[in-house]
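Small disclaimer: the values here were computed from a predicted structure and weren't measured. Chain naming here is simple, since letters A, B, ... match the order of the sequence lines and numbering starts at 1 in each.
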There are 4 protein chains.
Amino acid sequence: MQAPTDTKPRWERRKDARPQELLASALELFVDRGFAATRLEDVARAAGVSKGTLYLYFENKQELFKAVVRETIVQTIGQAESDAAAAEGMSSCELLRQMLRRWWTQVGATKAAGLTKLMMAESGNFPELAQFYNEEVIERGSALLTGILERGVARGEFRPVDPVMMTNVLIAPVMTLMMWKHSFFPCETHDTIDADAFMDTFLGLVQQGLAPQKNP
Amino acid sequence: MQAPTDTKPRWERRKDARPQELLASALELFVDRGFAATRLEDVARAAGVSKGTLYLYFENKQELFKAVVRETIVQTIGQAESDAAAAEGMSSCELLRQMLRRWWTQVGATKAAGLTKLMMAESGNFPELAQFYNEEVIERGSALLTGILERGVARGEFRPVDPVMMTNVLIAPVMTLMMWKHSFFPCETHDTIDADAFMDTFLGLVQQGLAPQKNP
Amino acid sequence: MQAPTDTKPRWERRKDARPQELLASALELFVDRGFAATRLEDVARAAGVSKGTLYLYFENKQELFKAVVRETIVQTIGQAESDAAAAEGMSSCELLRQMLRRWWTQVGATKAAGLTKLMMAESGNFPELAQFYNEEVIERGSALLTGILERGVARGEFRPVDPVMMTNVLIAPVMTLMMWKHSFFPCETHDTIDADAFMDTFLGLVQQGLAPQKNP
Amino acid sequence: MQAPTDTKPRWERRKDARPQELLASALELFVDRGFAATRLEDVARAAGVSKGTLYLYFENKQELFKAVVRETIVQTIGQAESDAAAAEGMSSCELLRQMLRRWWTQVGATKAAGLTKLMMAESGNFPELAQFYNEEVIERGSALLTGILERGVARGEFRPVDPVMMTNVLIAPVMTLMMWKHSFFPCETHDTIDADAFMDTFLGLVQQGLAPQKNP
DNA sequence: CATGAATGAGGCTTCATTCAT
DNA sequence: CATGAATGAAGCCTCATTCAT
């Protein structure tokens, strides 16, 4: 786990990079075409290796996919959890905005968003992947937002809402935007939607919609 | 040999019913498994016919899918367009709420919602279907909501917003909810989300979020 | 066998015409697409009847084909045989030219030529058809020409040649021209070849090539 | 493990040989059954491999067919073109006879002749193959003969004829003979025709038929 | 470690033939 | 006689996975 300086010969360091290159290619292709429609041969070729090499690093197609999710979304969630825990002083509204924005910039605006789209679509055909994604991504991500809402309501910063339900409402637009961005709809759709403007509109709605009623 | 009211022989009535039976089976399976993963043989068997029979009624898999969409979503949009055009007297807020609720009850809460999920996921792999869906569903549905928003802003019932952008924001939660409902995520998720409560929460947000500022 | 005046009601006379209409459609389609590639449904539709009706008149696809050949080529050969037998006084060279020309005008230049092309190509896949065609068409046609050659050699009108072998040589260009005419080769080929000019060129070659050497 | 002279492992040499083995099997079966009636699984099995292996070497059925034609007929035409260009000193009559004979021995008498038969029969159903064959075989082969005829007429070795038309006449018997040989007609036909005798008869006809008139 | 040839199950589509009406 | 819906075998092509080298 700790390579002191780098005693390995160069070609062996190349070997160590292989999994990363494969994961990058796999992410790209899974996002473009979905899980079932992605051919492992294309993943291998995009990474510059042969088809068989994939099986040296990943047991099969599903394990490859899990590894891609771990490298991207799961990692990001871990960071967000840490940061949220360390933001005691921040206002709940600001923290919530920050988390939603961060979710957008680090996941939604990147290729990783395609993985979410993909899971929504294909989880039914691959129960093992569904369970993995649910445990590692959905539950952890939801818990993070729900915690912030609870905090805000408790502190009187938000009007009283059901935190779990509101979490789902908050998640919704971002998820949809992610899927929108990664769906191939020709013509206007793609150009019409400006993600940043969308987020501004959405966050404005959140701020006004969650604000406690000033006078009863 | 003599059917009192229906003059057609039983066998011919069967033929008239076949397309509907096939469309029902196809809807079920497309929604469950997606477009690519649905096998036509399964659709046929579910309708109680053989593989070849499908091709007597639908040219190929893509045409079958289009027929399913026409029979469900496209038809519903047509009705909504008519009703909206006939609701001159209604307040824009009420009309908007009605349309969103109706979208949920007639599409979102039915199997048809799965078609939306499916298109988001697989349109990239089937450009012809993407174009069809875009023209027949997305553009028509969006235009309907945008029109109501424009009306509301013009009448001073809504605060000034960009109608096209806000249409996308309004669409988002319902779409996400539809996909959520039709994604196979085991364990808690499915039970947690109560669609009606979600819609109430959402519509409340809309009403408060779109209300014109009372000039403080 | 002898319908005195025509006592049948009109719709029944129509029924008698059915086989002819089917044979006409079948000829057209067999010639266009070959035996295997012709769909019986297309034959039926072209004749304005349903698929099942075909089976009332012809046991199966192969019997339909045989009937087409009988209606066209076999009939023509029968006439030629009669006429040749009755042409005792004519010079062998003239008789030969006449037969070859007639072969061209009554078979080669008509759709029936396509049947010859078809048999050459597909007889291997349909041995029963091959045998039928060989007996009814090839052997009878060859015998006719061979007889004329023998007559010409015997009378000193032709130089001494092997009549059977020369029959094959004479047959060859016409058969090839028939196939040429019924093969879909784009661009120049089709326009370049003028069948009549071809036959003139060919018959000139025959006349000079078969003529007895004047001086040893 | 150590192959003395050939440094490649046996397994890799196998790969190099595969396309040739597949082309040989394909030639055999295409010639026997035609293009449409040949099943790729049979081609594969005849070469001792599985169905899928074919697709490692040839994109699809049509490309396999093109490869077969290139490996046989197209190659032969190329050689003939070179040799004809290098035969300046030879008499036109001799050169023509040589080319026709060679066409027979290197194509007509081999399995490749079946490809010609096949194209005549099925080109209408496969336009892409028709175009390929027309460009690569028919036009090049015709041009070769036409050139020789033009040369002979110009030098006074042949009587004046239309070179293009006469090319078609010359082609005809050989083509027909090729098709004859590769058509499955049972009984006498096959035994009756002796190709060499046919060619002798034909070439005799050509020589006498093209000779300039001795001015009577 | 790496290769890439080979496999074979599986899915879409076609069409001759049957048969209930 | 006539219909046309229904069948099911068969063919083309794809791709995850294996394994000899």
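Within 6.0 Å of atom CD in C:E59, 12 or fewer heavy atoms from other residues, nucleotides or ligands are found, so the atom counts as exposed in its surroundings.
Under a 3.5 Å cut-off, the side chain of D:T72 and the backbone N or O of D:A112 do not form any donor-acceptor pair. For the pair B:K51 (side chain) and B:D42 (backbone), a donor-acceptor distance under 3.5 Å is absent. Under a 3.5 Å cut-off, the side chain of C:E122 and the backbone N or O of C:A36 do form a donor-acceptor pair.
B:L56 places its CG atom 14 Å from the P atom of E:dT13, with the value rounded to the nearest Å. Between the CZ atom of D:R33 and the C1' atom of F:dA10 there is a distance of 14 Å, given to the nearest Å. Across the protein-nucleic acid pair, A:Y57 atom OH and E:dT3 atom C1' stand 13 Å apart, rounded to whole Å. To the nearest angstrom, P of F:dA5 lies 14 Å from CD of B:E21. Atom P of nucleotide E:dA2 and atom CZ of A:F58 are separated by 12 Å, given to the nearest angstrom. For the pair A:L54 CG and E:dC1 C1', the interatomic distance rounds to 14 Å; values are reported in whole Å. The distance from atom CG of C:L22 to atom C1' of F:dA2 is 12 Å, rounded to the nearest whole Å.
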Discussion item. Output one letter per nucleotide in nucleotides 11-18 of chain F: B when a protein non-hydrogen atom lies under 4.0 Å from the base, S when only the sugar-phosphate is that close, - when neither is.
Written reply: SSBBSSBB

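In this structure, E:dC12 and F:dG11 make a Watson-Crick or G-U wobble pair, each of the two defining distances being under 3.5 angstrom. Base pairing of E:dC19: its partner is F:dG4, meeting the Watson-Crick or G-U wobble criterion (both donor-acceptor distances under 3.5 Å).
Relative to the side chain of D:V49, the nucleotides F:dT7, E:dT3, E:dT7 differ in distance, and E:dT7 lies closest.
For the ring-ring contact (aromatic ring centres under 6.0 Å, His included) with D:F65, the qualifying choice from D:F35, D:F126, D:Y133 is D:F35, the only one to do so.
F:dT21 and E:dC1: their C1' atoms are spaced 13 Å apart (whole Å).
At a threshold of 4.0 Å, the pair B:K111-B:D32 does not count as salt-bridged, since none of the basic side-chain nitrogens sits closer than that to a carboxylate oxygen. Under the 4.0 Å criterion applied to side-chain N and carboxylate O atoms, C:E136 and C:K66 are not assigned as salt-bridge partners.
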